[in-house]
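Below, read A as the first sequence line, B as the second, and so on, with proteins coming before strands; counting in each chain starts at 1. Bear in mind that the values here come from a model prediction, so they are computed numbers and not experimental data.
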Amino acid sequence: MFPPAQPPAPFPDSGTDYLAKLNPEQREAVETVDGPLLVLAGAGTGKTRVLTTRFAHILMTRRAFPNQVLAVTFTNKAAKEMRERVSAILGRPAEGLWLGTFHALCARMLRRHAEYVGLTSSFTILDTDDQMRLLKQVMDAAVVDIKRWPAQGMMAVIQRWKDRGLTPARVSPAEDSDYANNKARSIYEAYQSRLKALNAADFGDLMLHMTEILRTQPDVLAQYHRAFRYILVDEYQDTNTVQYLWLRLLAQGHHNICCVGDDDQSIYSWRGAEVENILRFEKDFPGARIVRLESNYRSTRPILAAASHLIAKNEGRLGKTLRAGRNDADGEKVRVVSLWDSEEEARMVGERIEQAQRKGVPLGQAAILVRAGFQTRSFEERLITLGIPYRVVGGQKFYERAEIRDAMAYMRVLHQPSDDLAFERIVNTPKRGIGDGALQQMHVGAREQGIPLAIAAERLARTEVMRAKPRAAMRELFDGFSRWRALMQREGHVVAVATMLDESGYTEMWKQDKSAEAPGRLENLKELVRAIGEFATLEGFLEHVALVMENDENAEGERVSLMTLHAAKGLEFDLVFLPGWEEGLFPHQRALDEGGTKSLEEERRLAYVGITRARKMAVISHAANRRVYGNWSAAIPSRFLDELPPGEIEREGSGAAQRGRMVNAPTVFSGQFPLSSQRPARVIEAGAWEVKERPARADAMRVGQRVFHQKFGYGRVTAVEDDRLEVDFEKAGQKRVLDRFVEKA
DNA sequence: ATCGTACCAGTTTTT
DNA sequence: CTGGTACGAT
């Protein structure tokens with residue numbers, strides 16, 4: 001499995017012209033091959049290019065075989081991109097690499113050494129859903145007041161421990177936080193032993209177990225020291241403590257570790273990332289060199305100035321200055337637009353997108369980046385009325401959808417009948433009349449005999465103990481499974497899965513379902529079956545899905561992108577809209593309440609990430625009134641607006657927003673915001689704005705009218721109430737929509 | 001076993 | 001205003 005330690009084989013082409021494309025600092029980062037190196041790469045400074053070129057350089061100069069380099073990323077997307085780019089430089093497919101996400105690499109290692117942590121090499125990787133159900137069971141058994149101490153909070157505690165590399169044994173009694181009356185540690189312990197009994201690992205375990213093995217098994221560690229001569233790490237600012245420990249252990253061998261990252265783009269502390277890891281790099285790795293990449297090739301000068309000025313307000317950073325690296329770096333000032341309410345904000349953005357479109361900007365080059373998911377809705381509605389195609393990036397992931405998880409559970413049982421959690425998920429899906437009673441019997445049987453749930457169920461189904469109705473249902477299910485397993489032998493896994501989903505009644509369940517989502521779900525299931533075909537075995541597919549499974553929302557066609565700021569990291573667009581810069585929303589109230597300066601600084605980094613996504617134009621906006629949970633509430637402009645360099649931005653205030661200032665003068669605007677006009681104050685009755693002007697529709701909708709809706713397609717009106725319609729859509733089912741979003745068909 | 005109602009909470013997300 | 005969950009009624 002591991003390569004011999006002989007000199008690497010020669011490469012057909014060992015020219016170094018790939019170096020010529022780099023600027024001096026990038027070149028330094030690539031050529032400083034030996035010893036620890038931290039590459040501080042500002043936004044848009046060619047981080048990925050450096051990382052991939054460095055990888056190729058190591059191979060081209062015959063310092064190592066391809067499989068002697070460990071390259072780690074956070075996302076599968078980044079891993080895939082790196083693989084492709086390394087292949088491009090090498091001029092041939094890069095195979096046999098240790099290149100992947102932290103979790104995928106750990107899973108691969110852990111399959112070899114699973115016995116050290118009480119698992120077998122065929123352990124299953126649980127999704128969040130399974131984790132929660134398991135934890136709830138454990139907490140039930142421990143008699144925890146689940147109302148006072150919700151399982152979700154307990155899960156967060158456990159995950160934080162895992163993020164920090166703490167096995168139950170390593171959690172000190174003092175650490176046994178006051179969650180669940182100091183039962184937290186024992187619950188954690190019980191949860192871990194349940195996982196072990198199920199031969200399962202959750203995502204955190206992949207890192208935790210592997211790190212624990214490297215810590216305690218010197219021979220295993222030595223094995224990897226022999227294997228990896230060079231280590232490359234992407235997005236180092238996002239690493240958590242276990243990931244750091246894991247890297248440090250592996251780097252003890254050759255000390256050739258190169259971490260690339262940007263402390264100013266650290267936005268994931270809430271999921272365990274420790275900015276300190278990157279800030280501490282020189283101490284952690286003695287003799288480390290630091291190279292700064294500061295030439296930005298992405299954005300215009302005003303955009304860079306705005307971003308730099310803002311981020312300079314943060315304490316505790318290593319410090320970089322972005323320079324415009326392009327020749328054509330001059331550009332328009334960053335706009336800051338003040339608006340009356342969130343609807344006007346959506347209208348403004350829509351108009352400017354239309355304008356840009358007329359000027360020839362492709363829609364794929366425009367993006368709306370929001371702080372929180374719910375903000376996308378008003379923009380979606382606006383874009384629909386304008387007929388502008390868009391896509392929402394992120395949101396619910398393909399593999400998180402119920403139908404995909406269900407289908408996956410069927411496959412897991414097919415593959416491994418001992419997968420109790422999967423079995424429990426599907427035993428009564430679709431409804432088979434197996435309720436708590438029957439399930440309880442199975443659990444008891446399984447525990448008493450020490451056998452998997454499915455086996456216990458099968459035995460029970462042959463006895464009189466179980467009632468006739470569930471018994472018949474169970475028999476049918478097990479007959480099915482043995483049939484499908486035989487089918488898998490004969491016809492392959494794709495046919496077997498497709499047949500299983502049909503014969504089990506699962507697809508039928510969704511066909512019967514009249515809800516709006518049902519057709520889409522059936523579509524997703526087809527997509528899933530198609531995806532299985534890309535793998536040689538069901539086992540291979542299951543492993544892939546557990547770790548990967550990107551949502552294949554193939555972005556065909558030019559569309560405006562709508563997403564959260566977090567989801568936008570790493571992307572770039574000509575035209576970027578940054579709406580909702582209001583206190584409480586951005587920075588978010590929760591960040592202000594909970595984390596103090598630290599989390600405020602993280603919000604500021606988020607703002608920095610947002611601005612630096614723009615290549616040519618950034619439009620920041622805030623509204624004086626915003627609808628929150630159905631209620632209108634006043635909002636004051638974000639403090640971040642005051643942290644932008646006045647000379648590099650152009651403020652635009654709409655008349656409506658100025659009225660807003662009058663209405664809410666005492667509280668809403670804190671004076672520093674020069675929205676005021678010289679005109680005399682005009683007092684408008686508070687609440688007046690609630691009466692939305694809306695051109696009366698002469699062609700009012702009637703019940704029975706056939707209509708067309710951009711998003712939901714064709715349907716028939718079933719009820720009319722003012723401007724609200726209830727429509728029975730052919731594909732999407734019953735929906736309530738506003739009349740202006742539909743047209744007569 | 002399943003359905004309906006009453007309550008509650010409600011950033012950011014990858015693997 | 002939503003969606004999800006918990007619990008009680010049928």
Side-chain angles (χ1 to χ4, degrees), chain A residues 72-79 100-108 125-128 131-132 136 146-147 150-153 156 159 162-163 201-208 234-235 238-240 242-243 266-273 369-378 393-397 399-400 402 428 430-440 467 469-470 473 517 543-551 563-570 580 584-595 599 602-603 605-607 609-610 626-633 724 736:
Chain A
V72 200
T73 63
F74 272 89
T75 64
N76 293 298
K77 197 178 151 203
T101 63
F102 277 100
H103 295 270
L105 292 167
C106 275
R108 188 169 156 193
I125 301 167
L126 302 188
D127 61 28
T128 9
Q131 290 174 42
M132 280 305 292
K136 276 180 188 158
I146 209 111
K147 278 209 183 105
Q152 223 171 13
Q159 264 163 3
K162 290 188 177 180
D163 286 343
D202 67 17
F203 272 106
D205 284 341
L206 298 176
M207 288 301 315
L208 182 74
D234 192 14
E235 306 276 22
D238 288 338
T239 49
N240 61 31
V242 219
Q243 288 162 339
S266 161
I267 54 175
Y268 284 111
S269 72
W270 49 272
R271 64 179 201 212
L369 311 181
V370 297
R371 173 70 244 260
F374 75 86
Q375 288 173 268
T376 57
R377 222 185 94 190
S378 58
V393 179
Q396 231 214 352
K397 301 290 171 297
Y399 57 87
E400 284 169 3
N428 199 30
K431 302 263 190 297
R432 299 189 172 91
I434 314 287
D436 277 346
L439 203 58
Q440 222 48 54
R467 283 199 232 174
K469 204 172 175 184
E517 292 80 23
E543 173 83 357
H544 169 79
V545 173
L547 290 165
V548 192
M549 208 64 178
E550 286 151 60
N551 40 340
M563 69 189 98
T564 63
L565 288 161
H566 283 92
K569 194 171 81 153
L585 182 56
F586 191 39
H588 197 273
Q589 195 56 48
R590 215 120 151 184
L592 295 171
D593 292 345
E594 284 161 24
S599 54
E602 182 151 319
E603 294 285 295
R605 290 195 288 267
L606 204 46
V609 167
R626 184 169 296 274
R627 209 177 174 141
V628 186
Y629 306 134
N631 298 318
W632 286 94
S633 61
R724 286 159 165 250
R736 274 216 305 270

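Computed from coordinates, the A:Phe374 CZ to C:dT2 P distance equals 14 Å when rounded to whole Å. Atoms CD (A:Gln375) and P (C:dT2) sit 18 Å apart, rounded to a whole Å. Going from atom NZ of A:Lys77 over to atom C1' of B:dT13 covers 14 Å, rounded to whole Å. Remark: P of B:dT13 and CG of A:Leu606 are 10 Å apart, rounded to the nearest angstrom. Rounded to a whole Å, the NZ atom of A:Lys431 is 11 Å from the P atom of B:dA1. Regarding A:Glu235, its CD atom lies at a distance of 12 Å from the P atom of B:dT15, rounded to whole Å. The interatomic distance linking A:Arg377 (CZ) with C:dC1 (C1') rounds to 8 Å, in whole Å. Taking atom CZ on A:Phe74 and atom C1' on B:dT15, their separation rounds to 10 Å, with Å as the unit.
Projected onto DNA chain B by closest heavy-atom contact, A:Arg432 and A:Glu602 fall at different nucleotides, the more 5' of which corresponds to A:Arg432.
Under the stacking criterion of a centre-to-centre distance below 5.5 angstrom and an interplanar angle below 30°, A:Trp270 sits stacked against the six-membered ring of B:dT12. A:Phe203 qualifies as a stacking partner of the B:dT15 base, centre to centre under 5.5 Å and near-parallel within 30°. Taking a centre distance below 5.5 Å and an interplanar angle below 30 degrees as the stacking criterion, A:His566 does not stack against the six-membered base ring of B:dT12.
Annotation: side chain of A:His566 is in contact with side chain of A:Trp270 (closest heavy-atom distance under 4.5 Å).
For the OP1/OP2 pair of B:dT14 and a distance below 4.0 Å, the side-chain nitrogens and oxygens of A:Asn240 include no atom meeting the criterion. Distances shorter than 4.0 Å separate some side-chain N or O of A:Thr564 from OP1 or OP2 on B:dT13. Within the 4.0 Å cut-off from OP1 or OP2 of B:dT15, at least one side-chain nitrogen or oxygen of A:Asn76 is found.
A donor-acceptor pair is defined here as one N or O able to donate and one able to accept, closer than 3.5 Å; such a pair exists between the side chain of A:Glu603 and the backbone of A:His588.
A:Ile434 comes within 4.0 angstrom of sugar-phosphate atoms only, judged by non-hydrogen atoms across all strands, and of no base. Within 4.0 Å (heavy atoms only), A:Asn428 reaches sugar-phosphate atoms of the nucleic acid but no base atom. Residue contacts shown for A:Glu603 include a base, since a base heavy atom lies under 4.0 Å away. Counting any heavy atom pair closer than 4.0 Å across all strands shown, A:Gly204 reaches no nucleic acid atom.
Partners of A:Glu543 according to the side chain to side chain donor-acceptor pair (under 3.5 Å) rule, which considers only residues two or more places apart in sequence or in another chain, are A:Arg111. For A:Asp238, the side chain to side chain donor-acceptor pair (under 3.5 Å) partners at least two apart in sequence or on another chain are A:Lys569.
As rounded to the nearest Å, C:dG3 and B:dT12 have P atoms that lie 15 Å from one another. Here, C:dG4 and B:dT11 have their P atoms 13 Å apart, quoted to the whole Å.
Residue A:Tyr629 places its side chain closer to B:dG10 than to any other of B:dT12, B:dG10, B:dT15.
The neighbour count for A:Arg108 CZ, taken as heavy atoms of other residues, nucleotides or ligands under 6.0 Å away, is above 12. In this structure, A:Gln589 places its CD atom where more than 12 heavy-atom neighbours from other residues, nucleotides or ligands lie under 6.0 Å away.
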